[in-house]
Amino acid sequence: MSKIKVGVLGAGTMGAGIAQVAAQSGHKVVLVDVNQEAINTAKEKLLKIIERLIEKGKWTQDFGDEVFGRILFSNEVEDFKGAGLIIEAIVENIDIKHSVFSKLESIVDEDCILASNTSSLSIAAIGSILKNPRRVIGIHFFNPAPLMPLAEIIPAVQTSDEVKDQARQIIDSWEKVTVLAKDTPGFIVNRVARPFYGEALRIYEEGIADFATIDWAMKELGGFRMGPFTLMDYIGNDVNYTVTETVFKAFYYDPRYKPSFTQKRHSEAGYYGRKSGRGYYDYSENAKAVEPNKDEELGKEILNRILVMLINEAADALFLNVASKEDIDLAMTKGVNYPKGLLRWADEIGLDNVLNQLKDLFEEYGEDRYRPSPMLKRMVKKQQNFF
């Protein structure tokens, strides 16, 4: 079977990473960016990556040369002619995406799939300006694309089944783990993960524990690869805050997704995290590491509170048919490296225990952010498990 030509629009970290994945899977790839500097940087970075993989013995020189040789670096969208799939990875702005997608539609063949790597915009809205919106789909990779195994496949209400199946088959053939998500704000991962940050910030704001202690509890007691504050500093507080704000607005200001003033102030102060040298932690050369309070009882209280909020979010995503229970658990383990799938974790803890903790929080605070999902209530009533 001959491989289709793949186009990637946007040569930033994400676009360049997607282009690499497609090229190493045997496709001819056209990576387009109007900014020549972005193209030059992408080219240099890819050569360095290939060099490292050859040095480590993971790739042969021949394979590295082949992969690099399959990518055409270009400033011209016209070079997308003849592509069977184009993935857009540019700025998260609906107006810019609209102008780009109508331009793309005028260049490519009728059977070319037009995909967006958006993490927060509606796929239906992106496709609304197309003459043939049935060909639009969301394919959301995680950063860095060559290393992170997950890709969320998001059909819009307009997307044809044929396009959905075809897109998934292509990405599966790139040896990615694909999950199918409904076109709702944040899809699976960015929606379900909100309490990991939001509840950690709330615990800090209430003075229960400092950043280092909350991170210690989640990492050492919960088995998460990074604590929430280390992770927000890694992602960038400006980026993480914007996603939180976008999800909050997109859910018609549902209190469950309410952003935090602590994060807003850090973002406003330019405390973005690692990239700015200062976030929740100080990354300057002589900075002293902050020691956590390793009180196990306090640690368990922090872990349980964040964990039940995450489980509640996962249960609600299942309740609202955002994805299947298998795909929700897969997305969280493969997309953000959670130690376990949240729904299986809920079965382990006991759904009644999860529900009782949520009910206690809801009663104590009287806030809608703690309302238990109807899915949990029903399942406890029927004494059911997720798996």
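The basis for the numbers below is simple: all heavy atoms, side chains too, and nothing from hydrogens, waters or symmetry mates. Computed from a prediction, not measured in an experiment: that's the story for all the values here.
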Kindly confirm or rule out a cation-pi arrangement of R202 over Y365, judged by NZ or CZ under 6.0 Å from the six-membered ring centre and within 45° of its axis?
-> yes
Under 3.5 Å, is there a donor-acceptor pair between the D282 and S284 side chains?
-> yes
Can N353 and Q357 be counted as having a side-chain donor-acceptor contact under 3.5 angstrom?
-> no
Report yes or no: does K45 contribute a side-chain atom to a donor-acceptor pair with the main-chain N or O of N40 at less than 3.5 Å?
-> no
Would you please say whether a donor-acceptor pair under 3.5 Å links the side chains of D172 and T178?
-> yes
Measure the acute angle between the ring planes of F73 and F68, then classify it against the limits of 30° and 60° as parallel, tilted or perpendicular.
-> tilted
Give a yes or no on whether the backbone of A89 and the side-chain of N117 come within a donor-acceptor separation of less than 3.5 Å.
-> no
Measuring from I94:CD1 to L121:CG, what's the distance to the nearest 0.5 Å?
-> 5.0 Å
Short question: side chain of D215, backbone of T230 - any donor-acceptor pair under 3.5 Å?
-> yes
Does H266 offer a backbone N or O that forms a donor-acceptor pair with the side chain of N237 under 3.5 Å?
-> no
Residue pair E175 / S25, side-chain donor-acceptor N/O under 3.5 Å = no
Name all residues meeting the side chain to side chain donor-acceptor pair (under 3.5 Å) criterion together with R135; count only those two or more places apart in sequence or in a different chain, and write none if there are none.
-> none
Do the side-chain N and O atoms of Q166 and E162 include a donor-acceptor pair separated by under 3.5 angstrom?
-> no
Is the Y283 ring parallel, tilted or perpendicular to the Y281 ring (thresholds 30°, 60°)?
-> perpendicular
Measure from NZ or CZ of K325 to the centre of the six-membered ring of F387 and say whether it is under 6.0 Å with the direction within 45° of the ring axis.
-> yes
Would you say F248 and F187 are hydrophobically clustered, going by side-chain heavy atoms of ILVMFWY under 4.5 Å?
-> no
Quick one: pull up OG1 in T246 and OH in Y257 and give me the separation to the nearest 0.5 Å.
-> 14.0 Å
Under the ring-ring contact (aromatic ring centres under 6.0 Å, His included) rule, collect the residues that match up with F229, sequence neighbours excluded.
-> F211, Y280
Pair K164-I137, side-chain contact (heavy atoms from CB on, under 4.5 Å): steps then yes or no | CA-CA 7 Å; K164 176 192 76 181; I137 195 161; 4.3 Å; yes
Would you check if the side chain of D295 reaches a backbone N or O of L298 as a donor-acceptor pair within less than 3.5 Å?
-> yes
Side-chain donor or acceptor of N240 paired with backbone N/O of M232 under 3.5 Å | no
NZ/NE/NH1/NH2 to OD/OE distance under 4.0 Å, R265 and E268 | yes
In Å, rounded to the nearest 0.5 Å, how long is the span from CD1 of I302 to CG of L307?
-> 13.0 Å
When every non-hydrogen atom of A145 is compared with those of I18, the smallest separation belongs to CB-N, 3.9 Å
Residues in salt bridge (Lys or Arg N to Asp or Glu O under 4.0 Å) contact with E51, at least two apart in sequence or another chain | none
Centre of Y234's six-membered ring, under 6.0 Å away, within 45 degrees of the axis: is that where NZ or CZ of R274 sits?
-> no
Using the side-chain contact (heavy atoms from CB on, under 4.5 Å) rule, take V157 and I123 through it: C-alpha gap first, then chi angles, then the decisive distance, then the call.
-> CA-CA 8 Å; V157 288; I123 307 301; over 6 Å; no
E348 vs R344, salt bridge (Lys or Arg N to Asp or Glu O under 4.0 Å): CA-CA, chis, key distance, verdict | CA-CA 6 Å; E348 240 176 70; R344 284 191 191 278; over 6 Å; no
Stepwise salt bridge (Lys or Arg N to Asp or Glu O under 4.0 Å) test for K97 and E88 = CA-CA 8 Å; K97 289 195 197 288; E88 162 275 312; 2.5 Å; yes
For the rings on F224 and W216, is their centre-to-centre separation under 6.0 Å?
-> no
Between Y271 and Y241, is there a shared hydrophobic cluster once you connect ILVMFWY residues whose side-chain heavy atoms come closer than 4.5 Å?
-> no
Check whether I154 and F251 end up in the same hydrophobic cluster, where Ile, Leu, Val, Met, Phe, Trp and Tyr are linked by side-chain heavy atoms less than 4.5 Å apart.
-> no
Tell me, please, whether F261 has K264 positioned over its six-membered ring: NZ or CZ under 6.0 Å from the ring centre and within 45 degrees of its axis?
-> no
Heavy-atom nearest pair, T244 first then P259, reads CG2-CA, 3.8 Å
Starting from the C-alpha separation in whole Å, work towards a yes-or-no answer on salt bridge (Lys or Arg N to Asp or Glu O under 4.0 Å) for K103 and E78.
-> CA-CA 9 Å; K103 175 83 172 155; E78 278 74 19; 3.5 Å; yes
Output yes when a side-chain donor or acceptor of N337 lies under 3.5 Å from a complementary backbone atom of R225, and no otherwise.
-> no
Going through the distances and angles, do I214 and D210 end up as a side-chain contact (heavy atoms from CB on, under 4.5 Å)?
-> CA-CA 6 Å; I214 297 168; D210 63 9; over 6 Å; no
Shortest non-hydrogen separation from E199 to R369 and the atoms involved = OE1-NH2, 2.7 Å
Does D316 pair with R256 as a salt bridge, N-O distance under 4.0 Å?
-> yes
Any cation-pi pair here, R371 with F362, using under 6.0 Å and within 45°?
-> no
CD/Q384 to CG/D347 distance, rounded to the nearest 0.5 angstrom?
-> 10.5 Å
Taking atom types as modelled and ignoring hydrogens, do the side chains of N75 and Q36 form a donor-acceptor contact shorter than 3.5 angstrom?
-> yes
If you measure from the Lys or Arg side-chain nitrogens to the Asp or Glu carboxylate oxygens, is any gap between K275 and D238 under 4.0 Å?
-> yes
Would you say D368's side chain and P255's backbone share a donor-acceptor pair under 3.5 angstrom?
-> no
Over all heavy atoms of both residues, which pair between S74 and V30 is shortest? Give the atoms and the distance, please.
-> CB-CG1, 4.4 Å
Could you tell me the separation between the CD atom of E326 and the CG atom of L318, rounded to the nearest 0.5 Å?
-> 9.0 Å
Do S102 side-chain atoms and H98 backbone N/O form a donor-acceptor pair below 3.5 Å?
-> yes
Are K48 and E44 within salt-bridge range, i.e. N to O under 4.0 Å?
-> no
Could you state whether I311 and F319 fall into the same hydrophobic cluster, counting links through intermediate Ile, Leu, Val, Met, Phe, Trp or Tyr residues with side-chain heavy atoms under 4.5 angstrom apart?
-> yes
V322, L150: one ILVMFWY side-chain cluster at the under-4.5 Å cut-off?
-> yes
Please test E301 against I208 for side-chain contact (heavy atoms from CB on, under 4.5 Å), starting from the C-alpha separation and ending with a verdict.
-> CA-CA 10 Å; E301 185 190 315; I208 293 168; 4.2 Å; yes
Over all atoms of both residues, closest heavy-atom pair of S119 and H140 | CB-NE2, 3.3 Å
Would you say the side chains of R305 and Y370 form a donor-acceptor pair under 3.5 Å?
-> yes
Reported CD1-to-CD1 distance for the pair I153 and I171, which is rounded to 0.5 angstrom | 5.5 Å
Smallest heavy-atom separation, A167 atom then I113 atom, equals N-CD1, 4.1 Å
Taking atom types as modelled, is there a side-chain donor on E105 or N132 under 3.5 Å from an acceptor on the other?
-> no
Classify the ring geometry between W174 and H27 as parallel (under 30°), tilted (30 to 60°) or perpendicular (over 60°).
-> perpendicular
Has the side chain of D109 got a donor or acceptor atom that lies under 3.5 Å from a matching backbone atom of D111?
-> no
